[in-house]
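The block underneath contains the structure these notes are about, expressed in structure tokens.
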Amino acid sequence: MSSPLISLVVRSPKNVVAKAICATSAIESQQMRTISQTADKVPNVKKPWTTTQPNHQFSISDRGFMPAHNPLRKLPSPYEDVEEIVSNMAFNLPDGTKGLLGRYDLGRHIHEIRLHDVSNTNDPVLDAALFRDYSILAAAYLLEPAHIHMLATNEYGRGRDVLPANVAIPLHTLANKLKIHPILDYAHGYSLNNWYLEDDAAGFTLENMRTIRQFLGGKDEAGFILVHAAMVAQTPNLVAAQQNGVAAARANDVVGLEHALKTHAATLENIMNIFGRMWQVSRPEEYLKFRTFIMGQIGNENIFPNGVIFDGVSDKPLAFRGETGAQDSIIPSCDNFLQLSTRYPKNQLTDYLKDLRYYRPADHRSYLLWLEGAAADSSVSRVALSNSKSALALLTNLECIQKFRSMHWTMTKKYIIERTRHPVATGGTPITTWLPNNLLATLEYMEEVQDVLVKHLVDDSSSLSSAERDEFESISAHIHARNNRIRTEVSQMQGDFKKANKPQEIDEFTRRSHA
């Protein structure tokens with residue numbers, strides 16, 4: 001599949017822009033002209049995984065999907081002016097005063113930042129921190145007027161449609177270096193690169209983690225950000241189990257695959273327990289007070305009817321998807337490992353899921369491609385389904401994913417749908433159908449595994465222990481009912497959005513064909 005990373009052509013710059021461009025190397029000038037349109041290369045799926053991006057902040061390492069090094073908390077010299085603005089930007093500052101957004105004054109002050117040449121930095125931790133801060137500044141600047149209008153009317157107003165060159169050029173340059181889109185994202189920007197530890201020895205717990213940047217300021221936005229980071233801190237065991245499972249399946253080692261699947265499920269349980277703490281640390285009624293700033297242009301044409309011009313970068317307006325937890329790599333890696341990704345229906349909602357792949361760090365994208373190919377090449381699903389015990393372990397994993405997606409869907413209803421009729425999620429996907437499309441695909445795969453397990457038990461009723469049979473029956477008892485309930489719920493939601501002329505692609509949701 002070709003990457004949708006787009007070409008950006010540098011336009012005739014103003015004097016200050018011209019000086020900055022002339023100061024860059026010939027290589028950097030070429031980087032500024034084009035973002036690669038080539039597809040991400042699929043690593044050799046017959047060999048064990050090795051990183052494709054060594055010495056990058058988001059190289060997959062023994063820290064799983066977390067950054068390879070703790071994020072930089074404060075920008076060093078010569079970026080004091082960027083640090084000054086971004087650290088004083090939030091609505092509510094730690095000292096109790098109002099920041100630039102709280103005074104509706106960011107738009108004026110952002111022009112005080114010098115145009116920095118970021119082309120020659122060779123520190124992956126610094127590059128990631130610079131991208132984080134420039135992308136956060138860009139989001140705050142572009143969406144400030146839209147958010148002010150929302151606070152007054154509960155409807156999102158127009159965003160700014162030109163990003164100043166002093167932010168646009170460095171952001172674009174950094175995005176080229178990191179092989180990502182020039183917009184606030186989940187990994188480099190808002191969540192995974194936006195924390196520090198109160199006590200290095202205490203590790204990655206919610207109680208020990210703090211945010212570096214915020215839009216609103218306060219415990220609710222901090223809780224929202226840190227729950228995601230704390231979940232991803234559990235992924236070393238997840239990634240290891242996936243690779244061990246692929247190796248076992250390749251060797252047709254059913255016992256080894258069963259063990260890997262059980263370790264994988266246990267890690268997912270830990271992740272879900274952290275996810276469930278969202279209700280405690282980030283109140284639903286506070287979410288809309290900072291949600292605006294993680295929105296993108298795609299799907300939000302009422303906010304950005306003409307896209308965004310990156311001044312000094314492109315004469316043509318650009319549009320990208322906003323920051324979203326759907327850019328996380330936990331569940332997509334599970335989908336690929338368990339071969340759930342091959343069971344998604346062929347519809348537009350699934351295409352959105354695929355599009356979100358390109359909003360992840362380059363090494364995460366490569367790992368997901370490798371895992372998808374390696375799971376298929378080693379027939380993880382077929383080997384798991386060949387035996388009652390490993391099939392049950394597969395079903396247990398799918399139950400974990402179903403619970404995770406159900407929890408996410410419940411949060412979407414409580415945090416968003418009950419509070420606004422804005423028709424799209426921050427990633428630009430239809431708010432009432434996109435998550436249910438993924439949840440329903442999970443339930444449909446569970447029905448497939450359930451049928452295979454029933455056949456195994458008919459052939460040999462003793463192939464599962466009494467405790468294992470109880471587990472199977474407990475999971476199986478609710479699969480069909482949940483399938484029907486989600487279909488009915490989504491259908492019933494369409495009335496309000498249809499009245500408001502905000503269609504939700506319900507026809508795509510009902511297309512469940514895999515052909």
Side-chain angles (χ1 to χ4, degrees), residues 45 234-235 237-272 329-345 368 370-406 438-480 482-483 514:
V45 299
Q234 304 296 311
T235 56
N237 289 338
L238 193 80
V239 169
Q242 291 165 352
Q243 295 175 35
N244 291 338
V246 165
R250 190 180 304 283
N252 205 32
D253 177 3
V254 177
V255 174
L257 177 57
E258 179 193 353
H259 177 74
L261 287 168
K262 286 182 175 179
T263 302
H264 195 262
T267 307
L268 281 174
E269 289 282 358
N270 292 336
I271 290 170
M272 282 192 296
S329 296
I330 293 174
I331 296 300
S333 71
C334 297
D335 284 354
N336 286 359
F337 170 49
L338 305 175
Q339 297 193 266
L340 170 53
S341 52
T342 66
R343 271 84 172 172
Y344 275 100
L368 293 176
W370 173 84
L371 187 57
E372 183 176 39
D377 187 67
S378 60
S379 302
V380 167
S381 177
R382 179 188 61 77
V383 175
L385 291 173
S386 68
N387 174 276
S388 296
K389 291 183 181 294
S390 55
L392 178 59
L394 172 59
L395 184 63
T396 301
N397 274 271
L398 293 173
E399 172 73 350
C400 288
I401 295 173
Q402 180 274 133
K403 287 180 178 178
F404 186 98
R405 285 181 158 141
S406 293
N438 307 336
L439 175 55
L440 197 55
T442 308
L443 289 164
E444 289 165 346
Y445 189 11
M446 291 177 73
E447 289 179 332
E448 176 187 340
V449 177
Q450 178 187 29
D451 289 344
V452 171
L453 261 168
V454 168
K455 291 178 182 177
H456 279 307
L457 291 173
V458 168
D459 293 339
D460 182 2
S461 61
S462 64
S463 59
L464 293 180
S465 69
S466 176
E468 289 169 336
R469 288 180 68 97
D470 288 345
E471 181 184 0
F472 173 49
E473 290 172 5
S474 176
I475 295 173
S476 298
H478 305 288
I479 296 175
H480 186 68
R482 286 170 178 155
N483 190 319
H514 299 265

Original post:
Taking side chain as C-beta onward, heavy atoms only, is Arg482 less than 4.5 Å from Leu439?
Top reply: no
**OP:** Taking side-chain contact (heavy atoms from CB on, under 4.5 Å) as the test, write out the residues that go with Ala265, two or more places apart.
**Re:** Thr396, Asn397, Cys400
Original post:
With sequence neighbours left out, what residues match Phe337 under ring pair (Phe, Tyr, Trp, His ring centres under 6.0 Å)?
Top reply: His264
Original post:
Taking the side chain from Tyr445 and the backbone from Leu440, do they hold a donor-acceptor pair closer than 3.5 Å?
Top reply: no
Original post:
Is a donor on one side and an acceptor on the other found under 3.5 Å between the side chain of Gln234 and the backbone of Ile271?
Top reply: no
Original post:
side chain to side chain donor-acceptor pair (under 3.5 Å) with His478: which residues, sequence neighbours excluded?
Top reply: none
Original post:
Closest approach of Ala248 and Leu257, non-hydrogen atoms and distance?
Top reply: CB-N, 3.4 Å
Original post:
Which residues pass the salt bridge (charged side-chain N to carboxylate O under 4.0 Å, His left out) test with Glu448, sequence neighbours left out?
Top reply: Arg343
Subject >> Residues which pass side chain to side chain donor-acceptor pair (under 3.5 Å) with Ser379, listed by chain and number, not counting sequence neighbours >> reply: none
Subject >> Single hit among Ser463, Ser461, Ser462, Ser465 for side-chain hydrogen bond (donor to acceptor under 3.5 Å, both in side chains) with Ser388 >> reply: Ser463
Original post:
Distance from Gln450 atom CD to Leu443 atom CG, nearest 0.5 Å?
Top reply: 10.5 Å
Original post:
Can any side-chain N or O of Asp377 pair as donor or acceptor with the backbone N or O of Gly373 at less than 3.5 Å?
Top reply: no
Subject >> Closest heavy-atom pair and its distance - Val246, Ala374 >> reply: CG1-CB, 3.8 Å
Original post:
Taking atom CG of Leu268 and atom NZ of Lys403, what is their separation to the nearest 0.5 Å?
Top reply: 11.0 Å
Subject >> Which residues share a side-chain contact (heavy atoms from CB on, under 4.5 Å) with Ala391, sequence neighbours left out >> reply: Leu385, Leu453
**OP:** Grab the two heavy atoms, one from Leu394 and one from Ala384, that are nearest each other, plus how far apart they are.
**Re:** CD2-CB, 4.1 Å
Subject >> Closest non-hydrogen atom pair between Ile479 and Leu395, with its separation >> reply: CD1-CD1, 4.5 Å
Subject >> Reported CE-to-CD1 distance for the pair Met272 and Ile401, which is rounded to 0.5 angstrom >> reply: 9.5 Å
**OP:** Just jot down the side-chain contact (heavy atoms from CB on, under 4.5 Å) partners of His259, sequence neighbours excluded, or say none.
**Re:** Thr263
**OP:** Not counting sequence neighbours, which residues clear salt bridge (charged side-chain N to carboxylate O under 4.0 Å, His left out) with Asp470? List them please.
**Re:** none
Subject >> Listed once per pair and sorted, the side-chain hydrogen bond (donor to acceptor under 3.5 Å, both in side chains) pairs that draw on residues 329-338, sequence neighbours left out >> reply: Gln242-Ser333, Ser329-His364, Asp335-Tyr344, Asp335-Arg405, Asn336-Ser341
**OP:** Apply side chain to side chain donor-acceptor pair (under 3.5 Å) to Gln402 and list each qualifying residue two or more places apart in sequence or on a separate chain.
**Re:** Glu399, Ser406
Subject >> Any residue meeting side-chain contact (heavy atoms from CB on, under 4.5 Å) with Val255, in chain and number order, not counting sequence neighbours >> reply: Asp253
Original post:
To the nearest 0.5 Å, how far apart are CG in Asn387 and CD in Glu258?
Top reply: 7.0 Å
Original post:
Looking at Leu398 and Thr442, what are the two nearest heavy atoms and their distance?
Top reply: O-CG2, 3.7 Å
**OP:** Apply ring pair (Phe, Tyr, Trp, His ring centres under 6.0 Å) to Phe472 and list each qualifying residue two or more places apart in sequence or on a separate chain.
**Re:** none
Original post:
Of the non-hydrogen atoms in Ala249 and Val383, which two are nearest, and what is the gap between them?
Top reply: O-CG2, 3.8 Å
